[in-house]
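Accompanying notes for the structure given below.
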Amino acid sequence: QVQLAESGGGLVQAGGSLRLSCAASGRTRDSYAMGWFRQGPGKEREFVATISWSGDTTYYADSVKGRFTISRDNAKNTVWLQMNSLKPEDTAVYYCAAGPWPTGGQRVYNYWGQGTQVTVSS
């Protein structure tokens with residue numbers, strides 16, 4: 001029903017910035033929250049950030065607070081993750097997801113993108 005496609009990943013030096021994008025297609029008329037998750041090497045997938053349909057509510061993992069910003073433009077069916085002051089520990093495959101409400105609980109999300117690789121070098 002909803003297809004998600006991430007882009008913007010790549011290689012960046014520590015302290016640098018990247019902006020990830022997630023474009024939604026398909027049945028995008030329904031209201032949905034969006035989230036970003038990541039999975040580093042040898043780690044479980046973890047919550048990064050989420051945003052409500054209206055954009056009024058956002059939540060962030062403690063590890064990224066003050067460095068990452070999630071935003072969306074429903075007219076463009078797009079959500080972004082602005083990543084600043086990147087650290088090597090941010091290296092992971094980043095996934096966007098759509099769900100009924102903004103939460104860090106990944107089981108709530110119904111649709112997932114394929115992921116985009118972010119690599120932060122020292």
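Because only heavy atoms are used, hydrogens play no part in the values below, and waters and symmetry mates are left out as well, while side chains stay in.
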Original post:
Which atom pair, heavy atoms only, marks the closest approach of Gln39 to Glu44?
Top reply: CG-C, 4.1 Å
Subject >> Flag, side chain of Thr91 to backbone of Val120, donor-acceptor distance under 3.5 Å >> reply: yes
Original post:
Does anything in residues 23-53 pair up under disulfide (SG to SG under 2.5 Å), and if so which pairs, sequence neighbours excluded?
Top reply: none
Subject >> salt bridge (charged side-chain N to carboxylate O under 4.0 Å, His left out) pairs, two or more places apart, involving residues 72-83 >> reply: none
Original post:
Which pairs count as disulfide (SG to SG under 2.5 Å) when at least one residue sits in residues 46-77, sequence neighbours excluded?
Top reply: none
Only distances under 3.5 Å count here; give the side-chain donor-acceptor pairs of residues 6-19 to other protein atoms, sequence neighbours excluded, each with its distance to 0.1 Å.
{"unit_1": "Glu6", "atom_1": "OE1", "unit_2": "Gln114", "atom_2": "N", "d": "3.0"}
{"unit_1": "Glu6", "atom_1": "OE1", "unit_2": "Gln114", "atom_2": "NE2", "d": "3.1"}
{"unit_1": "Glu6", "atom_1": "OE1", "unit_2": "Gly115", "atom_2": "N", "d": "2.9"}
{"unit_1": "Glu6", "atom_1": "OE2", "unit_2": "Cys96", "atom_2": "N", "d": "2.9"}
{"unit_1": "Glu6", "atom_1": "OE2", "unit_2": "Gly115", "atom_2": "N", "d": "3.2"}
{"unit_1": "Ser17", "atom_1": "OG", "unit_2": "Asn84", "atom_2": "OD1", "d": "2.9"}

**OP:** Look at the side-chain heavy atoms of Ile, Leu, Val, Met, Phe, Trp and Tyr, link any pair under 4.5 Å apart, and say whether Tyr94 and Leu4 land in one connected group.
**Re:** yes
**OP:** Any salt bridge (charged side-chain N to carboxylate O under 4.0 Å, His left out) involving residues 49-65? Give me the pairs, sequence neighbours left out, ordered by first then second residue.
**Re:** Asp62-Lys65
Subject >> ILVMFWY network linking Phe68 to Val93, side-chain heavy atoms under 4.5 angstrom >> reply: no
**OP:** State yes or no: are the ring centers of Phe37 and Tyr109 separated by less than 6.0 Å?
**Re:** yes
**OP:** Could you state whether Ile51 and Tyr111 fall into the same hydrophobic cluster, counting links through intermediate Ile, Leu, Val, Met, Phe, Trp or Tyr residues with side-chain heavy atoms under 4.5 angstrom apart?
**Re:** yes
Subject >> salt bridge (charged side-chain N to carboxylate O under 4.0 Å, His left out) partners of residues 83-98, not counting sequence neighbours, each pair once >> reply: Arg38-Asp90, Arg67-Asp90
Subject >> Minimum-distance pair of heavy atoms, taken over all atoms of Pro102 and Tyr59 >> reply: O-CE1, 3.8 Å
Original post:
Ala24 and Val2: which non-hydrogen atoms are nearest, and at how many Å?
Top reply: CB-CG1, 4.3 Å
Original post:
Under 6.0 Å between ring centres, would you say that holds for Tyr95 and Trp36?
Top reply: no
Original post:
Among the clusters formed by ILVMFWY side chains lying less than 4.5 Å apart, do Tyr60 and Val118 turn up in the same one?
Top reply: yes
**OP:** Give the minimum heavy-atom separation between Asn74 and Trp53, together with the two atoms involved.
**Re:** ND2-O, 2.9 Å
Original post:
Taking the side chain from Thr58 and the backbone from Thr50, do they hold a donor-acceptor pair closer than 3.5 Å?
Top reply: no
Subject >> Closest heavy-atom pair and its distance - Ser52, Ala33 >> reply: CA-CB, 4.3 Å
Original post:
So do Asn77 and Ser25 actually touch side chain to side chain, heavy atoms under 4.5 Å?
Top reply: no
Subject >> ILVMFWY cluster, Tyr32 and Trp112 together (side-chain gap under 4.5 Å) >> reply: no
Original post:
Hey, does Val79 have a side-chain heavy atom less than 4.5 Å from the side chain of Ile70?
Top reply: yes
